[in-house]
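Order of the sequence lines sets the chain letters (A, B, ...), proteins ahead of strands, with each chain counted from 1. On a predicted model such as this, the values are computed, not experimentally measured, just so you know.
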Amino acid sequence: MPKVNFTSALRRFYPDLKPFEIEAKTVSDILKHLNQNYPGLTDYLVDEQGRLRQHVNIFIGDKLIKDKIGLQDVLSKDDEVYIMQALSGG
Amino acid sequence: MTTQKNTLMLGTRKGLITFERNGNGWAHKNASFLGIPVSLTHVDSRTGTWWACLDHGHWGQKLHFSNDQGASWEEVASPKFPEGTEVKPGEVASVKYLWAFAEGGSDRPEELYIGTEPGGLFKSSDNGHSFELIESLWNHPSREGHWFGGGRDYPGIHSIVVDPRDSQHLYIGISCAGVFESYDGGNSWEIRNQGLRADYLPDPQAEVGHDPHLLVTCPNQPNYLWQQNHCGIFRSMNGGELWDDVTDVDGPAKFGFAVAVDHNNPEQAWVVPAVSDEVRVAVDGALCVCRTDDGGATWNNFREGLPQQNCYDIVFRHALDNTGDTLAFGTTTGNLFLSNNKGESWETISHNLPMIYSTAFI
């Protein structure tokens with residue numbers, strides 16, 4: 001099953017957030033699961049239309065996902081997914 | 001008679017910061033949401049609830065409330081455009097910024113309003129636990145062709161005025177579109193821009209497309225409205241039916257963002273001038289506060305206690321507030337000033353704050 005990892009920055013808002021494995025075919029599947037376990041968390045990652053926020057990055061392995069609008073990048077069973085913050089701000 | 005307010009609440013680039021009256025002065029009390037931009041705060045006069053609008057750089061716009069005066073905070077779902085809503089054909093809408101917050105009338109303690117970029121007015125009827133887009137304004141025929149961004153990428157609602165005499169009577173200010181009025185709680189809207197001037201439009205007297213940087217009313221005489229506009233200072237004595245240009249022709253009170261009105265005397269108002277849009281710094285490198293006591297016919301400029309050389313501060317639209325004879329404003333370079341004599345002289349509360357977006361006495 002794909003494994004999902006998070007930037008430690010999200011633990012400020014979700015202190016119990018931990019890496020986990022999930023049966024998921026796409027990145028979108030992961031986000032649906034996230035909101036069940038951590039209510040409101042997907043709001044931190046995508047806007048109300050489901051698009052990845054501008055300053056959030058999701059990697060599959062070491063590659064950025066391609067579909068930042070529909071989050072339909074396909075996952076393999078051994079993939080590691082990293083939900084990260086972009087480097088921005090000041 | 002004005003009840004003395006003893007706390008100053010600041011929305012800043014690095015969190016929500018409070019100062020408390022301490023004897024004859026003011027002392028730093030607390031900081032919440034450290035490191036997170038707080039675009040606006042509000043304390044509900046009906047319930048005592050504190051509200052904070054957060055502008056996370058990474059994680060979007062969030063809304064928090066506190067029922068214990070900031071000791072602890074709880075997040076609630078922030079306003080959202082309905083799925084599939086479009087700013088224009090082919091471009092879906094999402095909330096970019098929480099820019100205005102107002103409580104409903106005293107007879108409707110569950111009602112709250114939030115204005116956003118892009119151009120959405122949201123209403124809560126359950127004390128902030130959920131918000132719904134006011135579709136009548138979003139679908140106003142002027143929006144798609146005549147609203148546009150001013151200072152931000154999309155048009156934004158930064159001012160909401162609820163008539164203290166009538167909870168159904170609302171005004172909003174939009175940059176850039178202008179002033180809109182509703183008599184029916186937001187079900188329908190009238191344009192109230194007559195008398196304004198938009199020098200940046202092909203037709204400066206256009207019905208829509210104006211840039212009221214901030215719209216405020218005199219709470220005890222709500223027929224009086226004031227706005228610091230991109231193109232000057234305007235006052236209405238008839239509820240926005242007609243705006244009078246009261247810009248100081250010979251003095252500095254022209255361009256700026258903030259305006260405050262005395263709560264009892266609708267003829268007395270304050271602005272903090274800046275050099276116009278191409279530059280946006282203090283006029284001649286010096287801060288001053290301008291006050292009119294006669295409805296804008298004449299303006300006095302007060303400088304005592306404010307920096308008068310090498311100063312680059314300007315004051316954002318929500319960063320000036322008044323209560324009784326006391327005023328305070330925070331600046332873009334993190335200075336906080338306070339006056340106890342209606343703006344005639346000023347003392348420094350702090351020089352070391354983050355950029356200040358909003359200042360409110362509570």
Going from CG on Asn57(A) to OH on Tyr82(A), what distance comes out if it is rounded to the nearest 0.5 angstrom? 14.5 Å

Does any backbone or side-chain atom of Pro37(B) lie under 4.5 Å from a heavy atom of chain A? Answer side chain, backbone, both or neither. neither

Is Gln85(A) in contact with chain B via its backbone, its side chain, both, or neither, using a 4.5 Å heavy-atom distance? both

Which one, Ala93(B), Gly35(B), Ser78(B), leads in non-hydrogen pairs under 4.5 Å with chain A? Ala93(B)

Is the NZ or CZ atom of Arg11(A) positioned over Phe6(A)'s six-membered ring, under 6.0 angstrom from the centre and within 45° of the axis? no

If you count heavy-atom pairs under 4.5 Å between each of Gln49(A), Arg51(A), Gln54(A) and chain B, which one has the most? Gln49(A)

Cationic tip of Lys62(B) within the cone over Tyr44(A)'s six-membered ring, i.e. under 6.0 Å and within 45° of the normal? yes

Between Pro2(A) and Phe20(A), is any pair of side-chain heavy atoms under 4.5 Å apart? no

Can you say whether Thr7(A) sits under 4.5 Å from chain B via the side chain, the backbone, both, or neither, judging by heavy atoms? side chain

To the nearest 0.5 Å, what is the distance between CD1 (Ile58(A)) and CD1 (Ile65(A))? 4.5 Å

Is it the side chain or the backbone of Asp47(A) that comes within 4.5 Å of chain B heavy atoms, both, or neither? side chain

